[in-house]
Amino acid sequence: MAGVNPTVAERVAGVLTALATAVVITAIAIVPFLTPAWVSFEQGRTGSAQLTGFSVDQLRTATDSILADLVVGPPDFDVSIGGASVLSERERAHMRDVRGVFAGFALIAVAAAIDLVVAYTLARRMGHPGRAWAAIRNGARGLAIGVVIAGVVAFFAFDAAFDVFHRLFFAGGSYTFDPGTDRLVQLFPFAFWSETTMAVGALIIVLALLVASLAGRRAHPHPAPTPAAANLANPANPEAAR
């Protein structure tokens, strides 16, 4: 079966499996950066406490509440410090839009994971699981290459890339804020996003290379040596010395 050329449907399935692989790896890589541990670390690096004028405890209260609303919900984003709302209504509206984007991507990631399971199961039943592993390998490789290219572009033009990303997913004017008065960009300043983006990209590349290596070995497993080959490879075997 391994030598049979794939049909058009199998080729399409391979492309979908590769895309699903890229989505799942990306989703897994994003998760650690939505945790209070990472956000607290990066806020310390980028001076969020100084920008907001909050104490460390107040900063944690505000940030942890916003993260909880983003990841778990409900998306109220109505945390208050000292009786005053941290975010304005316009900022809360933007965060609800952000949650919508995250929720949409999460649904895509779940569908992609299901696609991977189904694709591999069907490939095994058809007698050529190596094709599924090859598609997974190709998806991981393609993702790594794509992220490297995007990283190079972002390194030299992060401002432009950041703006393009927001234009794709948010209404014009809904994502621009004043660092001097708006808490949202004080809590999560520009440097926070540039460093976090680079960290996410680095983790995606590492995961993609690991998956590509594992899938590549499974796509082309080394055949078990025949008895004759094993005897020839073992000089201590008396049969091999004859």
Side-chain angles (χ1 to χ4, degrees), residues 15 17-51 59-60 63-64 66-68 70-72 95 98-99 101-113 115-116 133-170 175 179 184-219:
V15 172
T17 300
L19 292 174
T21 300
V23 171
V24 170
I25 293 174
T26 301
I28 292 172
I30 289 173
V31 171
F33 300 96
L34 293 174
T35 60
W38 170 262
V39 174
S40 176
F41 166 76
E42 193 58 30
Q43 283 181 323
R45 281 185 49 81
T46 54
S48 295
Q50 292 79 9
L51 292 172
L59 183 64
R60 292 274 53 77
T63 303
D64 290 351
I66 291 171
L67 277 177
L70 176 64
V71 177
V72 181
M95 288 306 301
V98 171
R99 178 178 162 81
V101 172
F102 270 93
F105 181 72
L107 290 175
I108 293 173
V110 170
D115 176 81
L116 287 179
W133 285 115
I136 292 171
R137 176 201 60 200
N138 294 339
R141 285 179 177 175
L143 176 63
I145 294 171
V147 171
V148 168
I149 294 172
V152 171
V153 172
F155 181 80
F156 291 102
F158 183 81
D159 293 18
F162 193 74
D163 184 62
V164 168
F165 172 83
H166 281 76
R167 287 177 182 273
L168 288 174
F169 293 101
F170 304 107
Y175 55 85
L184 190 58
V185 287
Q186 294 172 349
L187 288 166
F188 309 104
F190 192 78
F192 175 98
W193 292 113
S194 62
E195 293 184 9
T196 298
T197 300
M198 292 299 176
V200 171
L203 182 56
I204 289 175
I205 292 171
V206 170
L207 292 177
L209 292 178
L210 288 174
V211 170
S213 177
L214 174 62
R217 289 196 297 269
R218 290 183 175 268

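What you see below is based on every heavy atom in this structure, not just the backbone, and it leaves out hydrogens, waters and symmetry mates. Starting from 1, each residue takes its place in the sequence as its number.
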Handout entry: Any side-chain heavy-atom pair of Leu51 and Pro179 under 4.5 Å
Key = no
Exercise for the section: Please report the shortest heavy-atom distance between Met95 and Leu70, naming the atom on each side. Expected result: CE-CD1, 4.4 Å
Practice task
Apply the test side-chain contact (heavy atoms from CB on, under 4.5 Å) to residues Val185 and Phe190: give CA-CA distance (whole Å), side-chain angles for both, the deciding distance (0.1 Å), then the verdict.
Solution key: CA-CA 7 Å; Val185 287; Phe190 192 78; over 6 Å; no
Problem - Under the side-chain contact (heavy atoms from CB on, under 4.5 Å) test, residues paired with Ala68 that sit two or more places apart - result: none
Exercise for the section: Apply ring-ring contact (aromatic ring centres under 6.0 Å, His included) to Phe102 and list each qualifying residue two or more places apart in sequence or on a separate chain. Expected result: none
Fill in the blank from the handout: Hits for side-chain contact (heavy atoms from CB on, under 4.5 Å) against Ala20, two or more places apart or cross-chain, chain-then-number order -> Ala112, Asp115, Leu116
Exercise for the section: Sorted by first residue and then second, give each side chain to side chain donor-acceptor pair (under 3.5 Å) pair with at least one member in residues 19-35; sequence neighbours left out. Expected result: none
Show which side-chain atoms of residues 135-142 pair as donor or acceptor with protein atoms under 3.5 Å away, not counting sequence neighbours.
{"from": "Arg137", "atom 1": "NH1", "to": "His220", "atom 2": "NE2", "distance (Å)": "3.4"}
{"from": "Asn138", "atom 1": "ND2", "to": "Ala134", "atom 2": "O", "distance (Å)": "3.2"}

Problem - Partner set under side-chain contact (heavy atoms from CB on, under 4.5 Å) for Leu214, not counting sequence neighbours - result: Arg217, Arg218
Completion exercise
Taking every heavy atom of Tyr175 against every heavy atom of Phe170, the minimum-distance pair comes out as CD2-CB, 3.8 Å
Side-chain donor-acceptor pairs under 3.5 Å in residues 202-211, sequence neighbours left out?
none

Completion exercise
Smallest heavy-atom separation, Ser194 atom then Ala191 atom, equals OG-O, 3.0 Å
Practice task
Only counting residues at least two apart or in another chain, list the ones meeting ring-ring contact (aromatic ring centres under 6.0 Å, His included) with Phe105.
Solution key: none
Handout entry: Where at least one partner belongs to residues 153-168, residue pairs that pass salt bridge (charged side-chain N to carboxylate O under 4.0 Å, His left out), sequence neighbours excluded
Key = Asp163-Arg167
Problem - All pairs passing ring-ring contact (aromatic ring centres under 6.0 Å, His included) where residues 17-40 contributes a residue, at least two apart - result: Phe33-Trp38, Trp38-Phe41
Exercise for the section: Please list, chain by chain and in numerical order, all residues satisfying ring-ring contact (aromatic ring centres under 6.0 Å, His included) with Phe165, sequence neighbours excluded. Expected result: Phe169
Problem - side-chain contact (heavy atoms from CB on, under 4.5 Å) partners of Thr63, counting only residues at least two apart - result: Val39, Gln43, Leu59, Arg60, Leu67, Leu187, Phe188
